[in-house]
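Below you'll find the structure, written out as structure tokens, and then a few comments.
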Amino acid sequence: MDILKDNDFMSIFIDMFRELPCLWQINHPHYKNQTKRKAALDQLLEFVKTVVPTADITYLKILIGGLRSTYLREHKKVQDSQRSGAADDIYVPRLWYYDRLHFLAGQTEPRSSLSSLPSTPAEASDAQPGPSGQQHVEEPSLSQGSLSQEVAGPSRLPDMQFPPLHPQRQSGRKRSTLEESAIGLF
């Protein structure tokens, strides 16, 4: 039996899930408390076991994750259609429980960024020292003459094995003259 199609069960399940904000409300004080979350999941699990006797915590987490992702996908479609500006073409969700899960709107936690770039202009100005804290280093300028001497001069790289510049083509297609001349330039 597909419990997602059982309207009575899903209605009660969603209402019970809403009553346990430590499982879905990211600003809740117990949201990151694993023992409180486990206790809340156990409460839900007892109800789910009345319909699915073999259910366990993993099954319950998959069920909740599926509900959340389905709701968020539908919610994104609604928002995108509203932003498009077509007043007569607003997306209408097909989920019968979409309105019941509306409490999940805005409850997604942004993932922590791995970027080392500053996120605000103020952080950017703090991260870079001003002219007083930095010594000016004069960079050598390359004129056309010195550049050609560098290119034509002896190689300063040690003898190393490098892959060929023109790898063998996987397909049997011949290159056009334009492709050949472009490769020749590089």
Side-chain angles (χ1 to χ4, degrees), residues 1-130 133 162-163 167-173:
M1 178 175 125
D2 187 10
I3 62 172
L4 292 174
K5 293 181 180 176
D6 184 357
N7 292 4
D8 295 332
F9 170 79
M10 288 306 296
S11 297
I12 296 168
F13 178 79
I14 291 170
D15 290 340
M16 288 179 71
F17 182 57
R18 182 185 312 120
E19 296 299 318
L20 300 168
C22 66
L23 295 177
W24 57 268
Q25 191 176 25
I26 60 175
N27 294 329
H28 193 273
H30 301 302
Y31 182 75
K32 294 184 179 180
N33 185 336
Q34 292 301 316
T35 53
K36 299 280 186 179
R37 289 175 61 87
K38 172 99 171 68
L41 284 171
D42 286 337
Q43 282 181 340
L44 273 179
L45 185 61
E46 291 305 313
F47 174 69
V48 173
K49 280 187 174 185
T50 61
V51 177
V52 183
T54 60
D56 59 353
I57 293 289
T58 304
Y59 177 84
L60 184 60
K61 286 181 177 181
I62 291 171
L63 177 64
I64 291 170
L67 286 174
R68 288 177 72 135
S69 65
T70 304
Y71 169 77
L72 292 172
R73 189 177 323 120
E74 290 289 306
H75 188 64
K76 183 179 180 332
K77 288 179 185 178
V78 170
Q79 286 180 326
D80 290 346
S81 70
Q82 288 173 343
R83 269 189 238 126
S84 72
D88 58 334
D89 195 25
I90 300 292
Y91 179 79
V92 177
R94 296 187 180 134
L95 291 175
W96 64 267
Y97 53 85
Y98 175 80
D99 290 332
R100 285 186 172 272
L101 288 174
H102 201 62
F103 63 93
L104 293 176
Q107 294 300 320
T108 55
E109 194 169 20
R111 294 189 174 158
S112 60
S113 174
L114 297 178
S115 174
S116 61
L117 296 175
S119 59
T120 63
E123 288 177 8
S125 63
D126 291 345
Q128 294 180 0
F162 292 102
Q168 297 293 326
R169 297 192 53 80
Q170 296 288 339
S171 68
R173 182 177 75 83

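Please read these numbers as outputs of a predicted model, since none were measured by experiment.
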query = Can you tell me how far the NZ atom of Lys49 sits from the CG atom of Asp42, to the nearest 0.5 Å?
reply = 8.5 Å

request  = Rounded to the nearest 0.5 Å, what's the gap from CZ on Phe13 to CG on Asp15? Could you check?
outcome  = 11.0 Å

ask   = Among Ile64, Leu67, Leu63, Leu60, which residue meets the side-chain contact (heavy atoms from CB on, under 4.5 Å) test with Phe17?
value = Ile64

task = Kindly say whether Cys22 contributes a backbone atom to a donor-acceptor pair with the side chain of Arg37 at under 3.5 angstrom?
result = yes

key: Contact summary for Pro93 and Val78, nearest pair of heavy atoms   = CG-CG2, 3.7 Å

request  = With the side chain counted from C-beta on, respond yes when His102 and Tyr71 share a heavy-atom pair under 4.5 Å apart, and no when they do not.
outcome  = yes

note = Heavy-atom nearest pair, Arg100 first then Ile14, reads O-CG2, 3.7 Å

query = Rounded to the nearest 0.5 Å, how far does CG of Leu104 lie from CH2 of Trp24?
reply = 7.0 Å

query = Between Gln25 and Phe103, is any pair of side-chain heavy atoms under 4.5 Å apart?
reply = no

note = So CG of Leu20 and NE2 of His28: to nearest 0.5 Å the spacing works out to 9.5 Å

message = Would you compute the distance between atom CE of Met10 and atom CD1 of Ile12 and round it to the nearest 0.5 angstrom?
response = 11.0 Å

request  = Would you give the length of the straight line joining atom OG of Ser69 to atom CD1 of Ile62, rounded to the nearest 0.5 angstrom?
outcome  = 11.5 Å

ask   = Considering all heavy atoms of both residues, which atom of Glu74 and which atom of Arg94 are nearest to each other, and what is their separation?
value = OE1-N, 3.5 Å

task = Determine the interplanar angle of the Phe47 and Phe9 rings, folded into 0 to 90°, and report it as parallel if under 30°, tilted if 30 to 60°, perpendicular if over 60°.
result = parallel

task = Applying side chain to side chain contact (heavy atoms under 4.5 Å, CB included), run through Leu101 and Thr70 and close with a yes or a no.
result = CA-CA 10 Å; Leu101 288 174; Thr70 304; over 6 Å; no

ask   = Can you tell if the side chain of Thr54 reaches within under 4.5 Å of the side chain of Tyr59, non-hydrogen atoms only?
value = no

